[in-house]
Every structure is written in structure tokens, then in C-alpha cells.
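What follows is one structure encoded as C-alpha cells, with my remarks underneath.
Please read these numbers as outputs of a predicted model, since none were measured by experiment.
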Amino acid sequence: MKINITDEIRQEILGTLNRDTAKEYFEKLRDTEKNPTRGQVYAYRSWEQSMEDRADMFEVRALPWGSQIKDGVMKEFVAALTAADIDEIIVTDQSTALMESVHALVAEGAYLEGVGTVTRDPLHDPSGRREVKGLVFRF
């Protein structure tokens with residue numbers, strides 16, 4: 001199943017990255033949180049990378065995996081995204097532990113909407129890739 005994302009929807013999604021709530025949350029986390037949880041760090045790094053890449057969706061290149069799932073890192077990750085008012089992400093993680101991570105993400109209340117493509121500004125992505133395939137999740 002392929003999701004056909006119109007330019008209008010893509011711009012709306014891009015707005016989520018810059019939404020004041022997300023920006024405020026992640027800047028506050030960066031500037032004031034002395035001991036962020038591992039899940040918060042995953043969320044922050046994803047936000048920071050998405051902003052740096054000028055990605056048109058909130059891209060997650062690495063999900064918590066393995067023992068981190070059992071340790072509650074996925075729960076912390078989802079809680080951080082929710083607190084930042086992020087309600088949709090695209091997972092482009094290509095690790096071998098992806099299936100375990102996807103199941104853990106779904107167990108935390110996310111649902112797999114389908115496949116999608118995130119567009120990055122190639123000048124800000126070291127690989128020079130403009131479009132990357134991924135899985136779209138909603139919370």
C-alpha cells in the first residue's frame with residue numbers, strides 16, 4: 001500500500017516539525033533537562049536531525065531496540081513525542097532489529113499507517129539523498 005501525499009498534506013506535515021510546541025519542548029529538553037531519559041534522547045535526536053535535514057516529515061532514523069524496549073525506552077520515546085505534540089513520524093530505520101522495534105512502537109499505541117517517502121534537502125543530508133523510503137506511524 002502506498003500513501004499518496006499531496007503537496008498540501010506534505011506542507012501540513014512539515015509544519016509539525018516547526019510547530020511551537022515541538023520546538024519549545026525540544027529546546028527546553030536540550031537546555032534544562034539534566035538527566036533526560038533515553039527515550040527523550042531518541043526523540044530529541046530525531047527532531048534535531050529532521051530539522052537539520054530540512055525533512056518534510058518528522059523522520060526517525062533509529063528506534064529504540066533490543067533490551068531498550070524491555071527497559072521502557074520505547075515508552076519514554078513515545079511519551080516524549082506526545083509531549084512535543086508530534087502525532088506522526090516516518091521511520092527510516094534500516095537496522096536488523098526493525099521488526100522488534102516496530103512491534104514495540106505499536107504496543108505503545110502507535111499504528112502503522114503505511115509506507116511513505118520523506119524528502120530531505122540534499123544540501124543538508126550528508127548522503128545527498130533527497131527521498132528516503134520509510135514507514136509512517138500515527139499516535
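Among pairs with a residue in residues 94-110, those fulfilling salt bridge (charged side-chain N to carboxylate O under 4.0 Å, His left out) read K75-E108, at least two apart in sequence or across chains. For the salt bridge (charged side-chain N to carboxylate O under 4.0 Å, His left out) condition, the pairs that include at least one residue of residues 30-39, sequence neighbours left out, are R38-D71.
Taking each heavy atom of E59 and A55 in turn, the nearest pair found is OE1-CB, 4.3 Å. In plain terms, the two heavy atoms of I86 and A22 that are nearest each other are CD1-CB, 3.8 Å. What you find for S101 and I69 is that their closest heavy atoms are CA-CD1, 3.8 Å. The minimum heavy-atom distance linking F77 with P64 is given by the pair CB-CG, 4.1 Å. Among all heavy-atom pairs drawn from L29 and P36, the shortest one is CD1-CB, 4.2 Å. Of all heavy-atom pairs spanning A80 and G39, the tightest one is CB-O, 4.4 Å.
E131 and T117 share no donor-acceptor pair across their side chains, judged by distance under 3.5 Å alone. Looking at Q40 and Y44, their side chains never bring a donor and an acceptor atom within 3.5 Å of each other.
Under the 4.5 Å side-chain heavy-atom criterion for grouping Ile, Leu, Val, Met, Phe, Trp and Tyr, F58 is connected to V102 within one hydrophobic cluster. Linking Ile, Leu, Val, Met, Phe, Trp and Tyr residues whenever their side-chain heavy atoms come within less than 4.5 Å places V91 and W65 in a single cluster. There is a path of hydrophobic side-chain contacts, each under 4.5 Å, that joins Y42 to M99. Residues L98 and L81 share a hydrophobic cluster, clusters being chains of Ile/Leu/Val/Met/Phe/Trp/Tyr side chains in contact below 4.5 Å.
Atom-to-atom distance recorded for L63:CG and S46:OG is 7.5 Å, nearest 0.5 angstrom. In this structure, R45 CZ and R61 CZ are separated by 13.5 Å, a value rounded to the nearest 0.5 Å. Note that the CG atom of D121 and the CG atom of D53 stand 8.5 Å from one another [nearest 0.5 Å]. Atoms OG1 and CZ, on T119 and R54 in that order, are 14.5 Å from each other to the nearest 0.5 Å.
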- Message: Before you tell me yes or no, could you show the steps for D56 and V118 under side chain to side chain contact (heavy atoms under 4.5 Å, CB included), namely the whole-Å CA-CA distance, both residues' side-chain angles and the distance that decides it to 0.1 Å?
- Response: CA-CA 6 Å; D56 64 347; V118 61; 3.4 Å; yes

- Please lay out, stage by stage, how I89 and L105 fare under the test side chain to side chain contact (heavy atoms under 4.5 Å, CB included). CA-CA 11 Å; I89 62 175; L105 191 59; 4.2 Å; yes

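Applying the ring-ring contact (aromatic ring centres under 6.0 Å, His included) test to Y25 and every residue at least two apart in sequence or in another chain returns nothing.
You'll find the side chain of V60 stays beyond 4.5 Å of the side chain of F137, heavy atoms only. The shortest distance between side-chain heavy atoms of V115 and K133 does not fall below 4.5 Å.
Relative ring orientation between F26 and W47 is described as parallel, the plane-to-plane angle staying below 30° on a 0-90° scale split at 30° and 60°.
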